[in-house]
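Each remark here refers to the structure printed beneath this line.
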Amino acid sequence: MHREIYPVVIQEGEDGKYVVTCPAIEGCYSQGDSIPDALANIKEAIALCLEVMAERGEAWPVPTTTLLSEVAVEV
């Protein structure tokens, strides 16, 4: 058993659900009715993505720091 920590990004969707993505793994995303649900779902999605990558002989992506910031835009 191997343990990696991957940063994720959580956003509230238009439908009130929470959409969560893992920037280190292209196309890896999930959602949930609450933040805890979304985090549980992305944890499962990441594990499945890593499992498929291992089966294909692909190297796992290296977890990197994800920074989130805001910028003011004048329009």
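Below, all heavy atoms of this structure are taken into account, side chains as well, without hydrogens, waters or symmetry copies.
Residue pairs meeting the ring pair (Phe, Tyr, Trp, His ring centres under 6.0 Å) criterion with at least one member in residues 45-71, sequence neighbours excluded: His2-Trp60. Within the structure, the ring pair (Phe, Tyr, Trp, His ring centres under 6.0 Å) test picks out no pair touching residues 31-51 (sequence neighbours left out). Evaluation of the salt bridge (Lys or Arg N to Asp or Glu O under 4.0 Å) test over residues 1-12, restricted to residues two or more places apart or in two chains, returns none.
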Name the atoms and distances for all side-chain donor-acceptor pairs under 3.5 Å in residues 48-59, with sequence neighbours left out.
none

Atom pairs and distances, donor-acceptor, side-chain atoms in residues 61-73, under 3.5 Å, two or more places apart:
none

Side-chain atoms of residues 35-46: list all donor-acceptor pairs with protein atoms under 3.5 Å, sequence neighbours left out, distances to 0.1 Å.
| from | atom 1 | to | atom 2 | distance (Å) |
| --- | --- | --- | --- | --- |
| Asp37 | OD2 | Ser34 | OG | 3.3 |
| Asn41 | ND2 | Gln31 | O | 2.6 |
| Asn41 | ND2 | Asp37 | O | 3.2 |

Ignoring hydrogens and angles, write down the donor-acceptor pairs under 3.5 Å from the side chains of residues 18-29, residues two or more places apart or on other chains.
none

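Residues passing the side chain to side chain donor-acceptor pair (under 3.5 Å) test with Lys17 are Asp33, sequence neighbours excluded.
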